[in-house]
Amino acid sequence: MKYEGRVWKYGDHVDTDLIIPARFLNVSDKDELAKNCFADVRPDFAGNVKPGDIIVAGVNFGCGSSREHAPLAIKAAGVSVVIARSFARIFYRNAFNIGLPILESNEAADEFSEGELVSADLITGEIACEGKKKRFFAKPIPDFMRKIVEAGGLVRYVKNKDSL
Amino acid sequence: MTTPMTITEKILASHAERDAVSPGELIEVNVDLALANDITAPLAIRVFEELEVEKVFDREKIALILDHFVPNKDIASAEQARIMTEFARRHDIKHYFDLGDSGIEHVILPEKGLVVPGDLVIGADSHTCTYGALGAFSAGVGSTDVGVILATGRTWLKVPSTIKLEYEGRLRQWVGGKDLILYTIGLLGVEGAAYKTLEFSGEVAGKLTMDQRFTMANMAVEAGAKNGIFEPDDMARAYVNERAERQGTYFYSDSDAVFEKVVRINVDDIEPQVALPHSPDNVCPVSRVDHFRLDQVVIGSCTNGRIEDLRVSGEILKGRKVARGVRLIVIPGSPDIYKKAIQEGIIETLLEAGAVIGPPTCGPCLGGHMGILAEGEKAISTTNRNFIGRMGHPKSEVYLSSPAIASASAVLGRIGSPVEL
Ligand code: SF4
């Protein structure tokens, strides 16, 4: 599970109201949601994000409301993986549940800047930027979460394993 | 020898059918009540349908509440509401709240006696942590998690470590639960309790009314916490006995339970608090807030839309007028609260002061409808979040406070305290 794309850089405490403002939550179609992803703070995002692009952010990404529409919108917009220093609890769960890959890394947030081409490997946790010849390792994903990702999300996991 | 545990650990252990659990463990638990609202339920229902099971795990342990965009604000939200309604009918969901008997989810469920001490409640809404006021474990998750619970009645959780907060001293006039929780969030920061439990204790916490405890537990998530909890005392028992059919199980932290940290907070010098834009941890005492003209005041939400909140507001607004140019929007959290407020004459007082009374709904709290801010407008609100664009235009500003401060501010036309009236 290796992803490659250009960096969209964000700061600390990006809340779910910023990711998808509540006025757009009267629908749950993911493509509709994607059109309004970051509508208020980065109106250029939805129109310019390319499949595979990578979000790199600071601490507490996805704080606030429990709306799963937030990771859904990011995923449907084409983002392949979100790398942040840390994630808010509910967003962290939601991302795994819906199959949006996420990684925690301080170095990525320190070193990568807007528009750089970087790659991330979900299983090994390796994050690299060829241009800068830099390579880091993200915090390992807990075993249980990895199984959910490998199954392709919580629904599939439950269907296969019948454990919950 | 039994392992010493906190109240949260005991509730989790009992629902995992284990003797003991400790922080960091991943456990699977049985859920007593699962809830979702008009924003999160349609997604949860889609997940439930993908799972291809015929029946929900228990039609009496699910609550579906229409609250965010009701009365339906547009065609799209009406369609989402219909998905919920049809699902509720098809599965004969017992606790389904539609217009007329619906209110804000976290106000309605305790009021109807659907949560009792010792319960494990999971909701597709971040403020599900509100029920900790009753000595229950309750946490917010996303729609997929709730979709799976609808089918299985089970979910997985990581056992959180606990930060114990001990409030001691004497509360000043006009200082209450909202001020204490804002102060605490300011102290801890918005991710200071991330993935953890906040246990509210101490002499002061024990004296707070149930409504104030709901306010505090409600905002635990604003410090990043998984849940906030009070040990259930006689006051909680009386509240529950009046409303619930079930008895509940009363758990208490052992005296030798292990806390990640204990924070002692002396309340003697705490003034009424205001959270400045754009973060709930950006708090300062009301006396230090700059004077600028307000455009809107909102009193309501799952944080402060209960009867006591309206009483405080009525007391302050009695015989006074809302300042010219300020829109005061008051939203009772449930039909029962609305009724009580009418019987007690509060609604008349508020109307005479110049307030507009909304139907029970989340409405402006999340910038949904019924009170959206224009560019550059400033509002003070008794809600729980003041993120950029939360109540409308991304260039509007939201200040958070108690109903007392919000009501006084409506009269003053700027942020201030009742002592200035
Ligand atoms: S009142 Fe506000 S915070 Fe509470 S459930 Fe509704 S939108 Fe969420």
Side-chain angles (χ1 to χ4, degrees), chain A residues 12-19 21-30 32-33 39-43 58-72 85-99 142-145 148 153-159 162-164, chain B residues 26 28 39-40 42-44 46-47 50-52 68-69 72-80 83 123-128 139-145 147-149 151-156 158 190-191 194-195 221-222 224-226 279 366-369 372 385 387-390 392-394:
Chain A
D12 292 338
H13 309 295
V14 172
D15 62 75
T16 55
D17 279 277
L18 290 183
I19 299 172
R23 63 179 185 279
F24 301 119
L25 300 183
N26 53 1
V27 296
S28 44
D29 178 74
K30 59 186 184 358
E32 282 300 314
L33 294 170
D40 289 341
V41 279
R42 290 195 83 168
V59 298
N60 206 22
F61 188 88
C63 57
S65 152
S66 72
R67 60 188 73 156
E68 204 162 291
H69 311 64
L72 277 175
R85 286 181 200 271
S86 64
F87 291 90
R89 187 187 73 83
I90 302 177
F91 187 92
Y92 186 84
R93 268 185 100 104
N94 287 347
F96 282 103
N97 284 349
I98 65 147
D143 231 26
F144 175 67
M145 307 305 282
I148 295 181
L154 186 67
V155 172
R156 284 256 206 43
Y157 174 81
V158 174
K159 271 181 141 175
D162 232 5
S163 77
L164 280 170
Chain B
L26 275 174
E28 288 193 8
I39 288 181
T40 59
L43 280 176
R46 192 189 295 164
V47 166
E50 281 170 27
L51 287 168
E52 295 168 340
H68 280 62
F69 293 147
N72 294 331
K73 70 165 182 146
D74 53 20
I75 296 170
S77 38
E79 294 295 340
Q80 297 291 296
I83 296 173
D125 189 275
S126 59
H127 292 101
T128 301
V141 296
S143 294
T144 298
D145 278 313
V148 168
I149 297 171
T152 64
R154 289 168 69 74
T155 194
W156 64 269
K158 192 158 146 192
V190 284
E191 60 159 6
Y195 298 80
V221 66
E222 262 63 64
K226 173 176 269 177
S279 182
L366 79 161
H369 61 159
I372 305 300
R385 288 187 179 136
F387 300 149
I388 292 173
R390 173 76 178 178
H393 195 281

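Below, each value reflects all heavy atoms present in this structure, side chains not excepted, and no hydrogens, waters or symmetry copies. Nothing here was measured: the structure is a model prediction, and the numbers come from that model.
In this structure, the portions of B:Leu51 lying under 4.5 Å from any heavy atom of chain A include both its backbone and its side chain. At a 4.5 Å heavy-atom cutoff, B:Asn72 makes no contact with chain A through either its backbone or its side chain. Heavy atoms of B:Tyr195 lying under 4.5 Å from chain A belong to its backbone as well as its side chain. Of the two parts of B:Lys158, neither the backbone nor the side chain holds a non-hydrogen atom closer than 4.5 Å to a non-hydrogen atom of chain A. When heavy atoms are compared at a cutoff of 4.5 Å, A:Leu25 approaches chain B by way of both its backbone and its side chain. Proximity to chain B (any heavy atom under 4.5 Å) is shown, for A:Asn60, by both the backbone and the side chain. For a residue to count as touching a neighbouring chain, one of its non-hydrogen atoms must lie under 4.5 Å from one of that chain's; by this rule A:Asn97 touches chain B with backbone and side chain alike. Only the backbone of A:Asp29 comes within less than 4.5 Å of a heavy atom in chain B; its side chain stays farther off. Only the side chain of A:Ser86 comes within contact range of chain B, with at least one heavy atom under 4.5 Å from a heavy atom of that chain. Residue A:Phe87 touches chain B through both its backbone and its side chain, counting heavy-atom pairs closer than 4.5 Å.
In this structure, A:Thr16 contributes its side chain and A:Arg67 its backbone to no donor-acceptor pair below 3.5 Å. Checking side-chain atoms of B:Thr40 against main-chain N and O of B:Ser143 turns up no donor-acceptor pair under 3.5 Å.
Chain A forms more heavy-atom pairs under 4.5 Å with one residue of B:Asp74, B:Asp125, B:Thr144, B:Ile75 than with any other, namely B:Thr144. No other option in B:Ile388, B:Val141, B:Val47 has as many heavy-atom pairs under 4.5 Å with chain A as B:Val141. Of all the listed residues (A:Gly153, A:Gly64, A:Cys63), the one sharing the greatest number of non-hydrogen pairs under 4.5 Å with chain B is A:Gly64.
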A:Arg23 vs A:Asp40, salt bridge (charged side-chain N to carboxylate O under 4.0 Å, His left out): CA-CA, chis, key distance, verdict: CA-CA 11 Å; A:Arg23 63 179 185 279; A:Asp40 289 341; 2.8 Å; yes
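Of the inter-residue distances, the one linking B:Lys73 atom NZ with B:Ile372 atom CD1 reads 7.0 Å to the nearest 0.5 angstrom. Between the CD atom in B:Gln80 and the CD1 atom in B:Ile39 there is a gap of 9.0 Å [rounded to 0.5 Å].
In terms of heavy atoms, A:Arg89 sits closest to B:Ala139 at NH2-CB, 3.9 Å.
A salt bridge links B:Asp145 with A:Arg93; the closest basic N to acidic carboxylate O contact falls under 4.0 Å.
For B:Arg46, the side-chain contact (heavy atoms from CB on, under 4.5 Å) criterion is met by A:Ser28, B:Leu43, B:Glu50, not counting sequence neighbours.
A perpendicular orientation is assigned to the rings of A:Tyr92 and A:Phe96, their planes being inclined by more than 60° (bins at 30° and 60°).
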